[in-house]
Peer 1: 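Have a look at this one.
Everything numeric here is computed off the predicted structure, so don't read it as measured data.
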Amino acid sequence: MTGGLVRLSPRVRFRAVADEGVLVQLESQRVLVVSEVGLHVVRLLGSGSKTLEELAESVASEFEVEADQARADIEAFVGQLGAERAIVIEAPEAGGA
Amino acid sequence: MRSWGDESVCLELPGTTVLLQGLSSGQCAEIAQGYGRFVRATGAGSDCPEHVVCTATRSGRDLGEPAEIFCRKGYYVAEKRRCRQGLELRGFKFEGYFDRHARPGSAELAVSHEPDLVDPVVLENFLRILVAHRVLENGGALLHSSGVVWEGLAYLFCGPSGAGKTTLARKGQAAGAAVLSDDINLVSRGEGGYRAHRVPFTGELGRGAENLAGAGWYPLGGIVLLGQGPGLRLELVTPAAAVGALLAGCPFVNDDPEELPVVFDVLTELVLANPVRKLEVGLEDSFGAVMARLAEVIQ
């Protein structure tokens, strides 16, 4: 998925509750509760397609996390969202230099 | 579509009144008997914005599909499809329509055979869906839960199947508590706080509440996420975890993208006003011990 784009699935709705977030996947009716950091990522994914690097940079900046740690956390979290069909992964464009 | 007759009956349900019209005299009598305490004089609530006029009709086609086709993950689930201003419904032996925005509300319930209309699987499930949508507008919600009245307050024990809701309700009943329902309960926002209401769809144990005196509702004492464990263990959960758990048990509306913003609002306000706790109960724990443990933390 490196270089690909990720965005929130149109079949997901979410809401911030206090400093955490609640997501519901409409097809599976699975409900996920995410942390403050998770909510930040979900908001980013809801605002448009993002690369993992963009997500990690934002998390590292907002939450004062080391870049490597942020990248590892993002990969794990996005993997979890993928398993719940809460995101859409867009393959990187073929070709290029 | 043709109606079954000229009779009508008015049901006063929490959050809405429903005038069922177009009934045969037999259908009317059976509904009046089955819904006893909820029956009001025809015309009651007609000036209330939550009033719904539901016309019973004869379906032009055979609605005898097997019940299995409406089974999802072991539960009966009527199919919903958004249309016009409302929802088209198709369930076991019925089809219907419900306009979610009209004031007064309008609905239609069609069956193929006269007795099908008063079959609890038909009318009860139709009313559940209707009430689940209407009550949102009053800041309330239907919740899968056991509702138990203890010392004048209603406690809702929420959780998925197997969490122990019915077991705890049975223990409560044996200890002298009234069970509102061991299946589904309705909470609404009222003057002075939240309330838990009796509903006509009471589950296995709720019929005992038919004999309770009172206004049909009780002040909400607390909401508990129930689970099984080696013994009593109680912990506060975060508002988001509480909303997530209640949302999973908020039937008929938690898969509706149009209703979800309101469902989120309702549940968020509910859990902020009533901090939710997770309670693990062991097989040997008595109802008295459970309530004593809750009383330590819930004022």
Side-chain angles (χ1 to χ4, degrees), chain A residues 6-50 55 58-59 62-65 70 73-74 76-90, chain B residues 70-82 87 132 136 141-144 158-161 163 223 225 235-276 278:
Chain A
V6 187
R7 59 182 162 85
L8 203 62
S9 165
R11 301 300 295 161
V12 165
R13 298 292 183 276
F14 75 95
R15 174 66 62 90
V17 180
D19 55 359
E20 297 179 308
V22 182
L23 282 76
V24 57
Q25 213 286 359
L26 295 170
E27 285 161 350
S28 66
Q29 291 184 39
R30 288 268 296 169
V31 177
L32 302 177
V33 178
V34 299
S35 67
E36 182 180 10
V37 181
L39 175 62
H40 177 75
V41 174
V42 168
R43 279 179 165 144
L44 289 172
L45 294 173
S47 68
S49 299
K50 300 285 183 294
L55 296 172
S58 179
V59 166
E62 286 288 324
F63 298 93
E64 297 181 4
V65 180
D73 291 346
I74 285 295
F77 184 59
V78 167
Q80 185 188 355
L81 293 178
E84 298 287 353
R85 291 185 291 149
I87 52 171
V88 175
I89 299 169
E90 300 167 3
Chain B
F70 301 106
C71 188
R72 305 279 183 279
K73 299 177 184 173
Y75 292 97
Y76 167 77
V77 180
E79 292 176 1
K80 296 192 299 183
R81 194 171 68 87
R82 204 177 307 152
L87 291 173
L136 290 174
L142 274 184
L143 297 173
H144 271 306
C158 306
S161 291
I223 301 175
L225 307 180
E235 65 180 62
L236 194 63
V237 299
T238 66
V243 168
L246 298 184
L247 182 64
C250 200
F252 313 119
V253 291
N254 63 1
D255 61 347
D256 187 327
E258 194 171 298
E259 295 285 34
L260 266 171
V262 183
V263 179
F264 274 129
D265 287 344
V266 166
L267 295 182
T268 301
E269 288 187 28
L270 175 64
V271 306
L272 291 178
N274 302 273
V276 174
K278 182 180 174 185

Peer 1: Any chance NZ of B/K278 has more than 12 other-residue heavy atoms, nucleotides or ligands included, within less than 6.0 Å?
Peer 2: no
Peer 1: Measure distances from A/V17 to the heavy atoms of chain B and classify the residue's part below 4.5 Å as side chain, backbone, both or neither.
Peer 2: both
Peer 1: Do A/F63 and A/E36 have side chains that get closer than 4.5 Å, going by heavy atoms?
Peer 2: yes
Peer 1: Any chance you could measure B/T238, atom OG1, to A/E20, atom CD, to the nearest 0.5 Å?
Peer 2: 3.5 Å
Peer 1: Could you measure the distance from the CG atom of B/N254 to the CG atom of B/L142? Nearest 0.5 Å is fine.
Peer 2: 11.0 Å
Peer 1: Within the supplied structure, the quantity of interest is the number of heavy atoms (other residues, nucleotides, ligands) at a distance under 6.0 Å from B/E235 CD; does it exceed 12?
Peer 2: yes
Peer 1: Counting heavy-atom pairs under 4.5 Å to chain B, which of A/V24, A/D19, A/L32, A/V34 comes out on top?
Peer 2: A/V24
Peer 1: Between B/A248, B/A242, B/A241, B/P257, who has the most heavy-atom pairs with chain A when the cutoff is under 4.5 Å?
Peer 2: B/P257
Peer 1: A/V31 versus chain B, heavy atoms under 4.5 Å apart: side chain, backbone, both or neither?
Peer 2: side chain
Peer 1: Side chain from CB out, backbone as N, CA, C, O: work out which of these in A/S28 comes under 4.5 Å of a heavy atom of chain B, or both, or neither.
Peer 2: backbone
